[in-house]
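What follows is a single structure, written as structure tokens, with notes after it.
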There are 2 protein chains.
Amino acid sequence: MSDPGRRRAVPAGRSAPGEVTRERILDAALDTLRAEGFLGTTARSIARTGGFNQALVFYHFGSVDEVLLSAVERMSQRRLDTYRGRLAEAPDLPGIVAVAREVLAEDVQRGAITVLSQLVAGAHGRVEFSRRLAASFDPWIDLVDEAVQRVLAGTGLATVVPSRDVAVAMTGTFVGVELLGQLDPESGRVEALLATLDTTAGLLQGLLALFGSASSSPAAAEASEG
Amino acid sequence: MSDPGRRRAVPAGRSAPGEVTRERILDAALDTLRAEGFLGTTARSIARTGGFNQALVFYHFGSVDEVLLSAVERMSQRRLDTYRGRLAEAPDLPGIVAVAREVLAEDVQRGAITVLSQLVAGAHGRVEFSRRLAASFDPWIDLVDEAVQRVLAGTGLATVVPSRDVAVAMTGTFVGVELLGQLDPESGRVEALLATLDTTAGLLQGLLALFGSASSSPAAAEASEG
DNA sequence: GTCTATAATACGATAGAC
DNA sequence: GTCTATCGTATTATAGAC
């Protein structure tokens, strides 16, 4: 292994030697995943995309898997920061829905969901790869979970609805719909889903308001009996 | 191309020559997709799973893609028949939900969703493969669409909710959650989702009953304004 | 219809020159 | 740190014996 390992400290404002190349490799890896899918993302295709030599992938990351995981971890972290920032500024339900729709639309357009979907599919049956990939999904599910709990708070449904499962379902929905949407890009499935989110949000708002003002209504009681 | 092409007619009750092998290959293809994922499903691994020679895949189907598409089309058709039959016997809402949960649980357990998820992921960027795979999803979305419309009928929501988009979202959700669930099989995400379906169904029932008995309520009007 | 053998190609990864 | 060259191995697909 010729991993550069821990490097000397570098003057502030200056990049560590090779750091530029590392970033280029990560960028190229994401671009390739978006354009070619998991199957088409090899050390050679990544190098072709980024315009550098194939051997650099192994010099800097040791393996293709390590590049992909590093790339998705970096992407996930960056997007998560964006989400948290915007959500903090929109504490009520309409605000949360608006932010969620807005940032999810960005993710879809940037191809972030494509990257995640492709990696998830490619992770099949590979234990260590799956473990690390799952770890980069957890903070997202946590974030959705928090938002769901905030929305449910004071509606009388907080004890009935398992918010974590709902969060998993919502996260999974975007992965699945994006995958389905790419099967037939002409169909505009993803766009339809995003557009429908507004309608659904309006509906949900009305329903939750109903539950909020009558949290021990017959419907709620009936529902909790399951 | 050494495709056997159209074959002579065969006495009823008897299989056409090579038909047994064709079926074995399709079975092996699905088993391999379940066990190894899309990446691990090659002509050689399919042959290894089924205990036959690798060259037979090309003799009978011409290419690996053709085996996979034929296999999923056969599977989709068979499952669709099962769905339709059971749904016909359960015309009301509780019945529909029960059947849906039941048959979906079967699909998950048999690995049908895994097969679909893997193929969808592997189809990325391959136009003709995607087109045919999308075609085998359409009847499913149609079926879900019909069920959604039946549930919505008479609730006053039929004109507000775009049932087709909801159907796409529901279909996509199962694909996505299944993929996410396989990232960390220990987490029991898929099982949790299915278990939660009952609770959600109960809730939904209560909500729809509410809308049904007051289809021009303030909440409904507010929701339709978006 | 099923087999063996093989051609042509792509891959991950490494060695070693610079 | 980046390059060329290469090893070993996997793949799809085909040719041809049986």
Side-chain angles (χ1 to χ4, degrees), chain A residues 1-8 10 14-29 32-33 35-71 122-123 125-126 128-129, chain B residues 1-8 10 14-29 32-33 36-71 118 122-123 125-126 128-129:
Chain A
M1 182 79 72
S2 47
D3 188 318
R6 70 184 75 244
R7 289 179 294 274
R8 281 194 307 279
V10 166
R14 288 269 299 278
S15 297
E19 187 58 30
V20 176
T21 303
R22 280 182 66 93
E23 293 294 315
R24 279 183 70 195
I25 294 174
L26 295 180
D27 290 339
T32 309
L33 272 172
E36 315 282 348
F38 190 89
L39 286 157
T41 302
T42 67
R44 287 172 153 86
S45 65
I46 293 171
R48 199 159 39 239
T49 301
F52 47 80
N53 193 280
Q54 171 254 160
L56 286 181
V57 170
F58 299 98
Y59 175 75
H60 283 285
F61 293 94
S63 72
V64 174
D65 279 4
E66 184 57 40
V67 182
L68 299 181
L69 289 168
S70 297
R126 304 164 68 197
E128 185 56 21
F129 193 94
Chain B
M1 184 76 73
S2 48
D3 190 318
R6 68 186 75 244
R7 289 180 294 273
R8 282 192 308 278
V10 166
R14 288 270 300 278
S15 298
E19 188 59 29
V20 176
T21 303
R22 279 181 67 93
E23 293 293 315
R24 279 182 70 194
I25 293 173
L26 295 180
D27 290 339
T32 309
L33 272 173
E36 315 283 348
F38 189 88
L39 287 156
T41 301
T42 67
R44 285 173 151 84
S45 65
I46 292 171
R48 199 158 40 237
T49 301
F52 47 81
N53 192 280
Q54 171 254 160
L56 286 180
V57 170
F58 299 98
Y59 175 75
H60 284 286
F61 293 93
S63 71
V64 174
D65 279 4
E66 184 57 40
V67 182
L68 300 181
L69 289 169
S70 297
Q118 288 295 312
R126 303 163 69 198
E128 186 55 22
F129 192 93

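Throughout, protein chains are lettered first and strands after them, A, B, ... in sequence-line order, and every chain is numbered starting at 1.
Taking every side-chain heavy atom of N53(B) into account, dT4(C) is the closest of dA13(D), dA13(C), dT4(C). If you check dA5(C), dG12(C), dT2(C) against the side chain of Q54(A), the one that comes closest is dG12(C). Distance from the side chain of Y59(A) is smallest to dG1(D) among dA13(D), dC11(C), dG1(D). Of the candidate nucleotides dT2(D), dT11(D), dT6(D), dT11(D) has the atom nearest to the side chain of T42(B).
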Polar atom pairs (N or O), protein with nucleotides 15-18 of chain D, under 3.5 Å:
none

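With T49(A) as the fixed residue, the side chain to side chain donor-acceptor pair (under 3.5 Å) test singles out one of T41(A), D27(A), T32(A): T32(A).
For the pair F58(A) CZ and dA5(D) P, the computed distance is 18 Å after rounding to whole Å. Counting to the nearest Å, the P atom of dA10(D) and the CZ atom of R48(B) are 9 Å from each other. Distance, H60(A) NE2 to dT14(C) P: 15 Å, rounded to whole Å. Look at CZ on F61(B): it is 13 Å from P on dG1(C), rounded to the nearest Å. Distance, L39(B) CG to dG12(C) C1': 14 Å, rounded to whole Å. Rounded to whole Å, the distance from CD1 on I46(A) to P on dA10(C) is 17 Å. Protein atom CZ of R44(A) is 13 Å distant from nucleotide atom P of dT6(D), rounded to whole Å. Atom CD in E36(B) sits about 11 Å away from atom P in dT11(D), given to the nearest Å.
Judged by the 6.0 Å and 45° rule, R22(A) forms a cation-pi pair with F61(A).
Rounded to the nearest 0.5 Å, atoms NE2 (H60(A)) and CD (E19(A)) are 9.0 Å apart.
Listed by first and then second residue, the salt bridge (charged side-chain N to carboxylate O under 4.0 Å, His left out) pairs that reach into residues 53-65 of chain A are D65(A)-R126(A), sequence neighbours excluded.
L56(A) and I25(A) get closest at one heavy-atom pair: O-CD1, 3.8 Å. Nearest approach of A28(B) to I46(B), heavy atoms of both residues: CB-O, 3.6 Å.
E66(B) is linked by a salt bridge (charged side-chain N to carboxylate O under 4.0 Å, His left out) to R132(B), counting only residues two or more places apart in sequence or in another chain.
Using a 4.0 Å heavy-atom criterion, one finds that V57(A) contacts no nucleic acid atom at all.
Of the two residues contacting DNA chain C, namely T21(B) and S45(A), the nearest-nucleotide position lying further toward the 5' end is that of T21(B).
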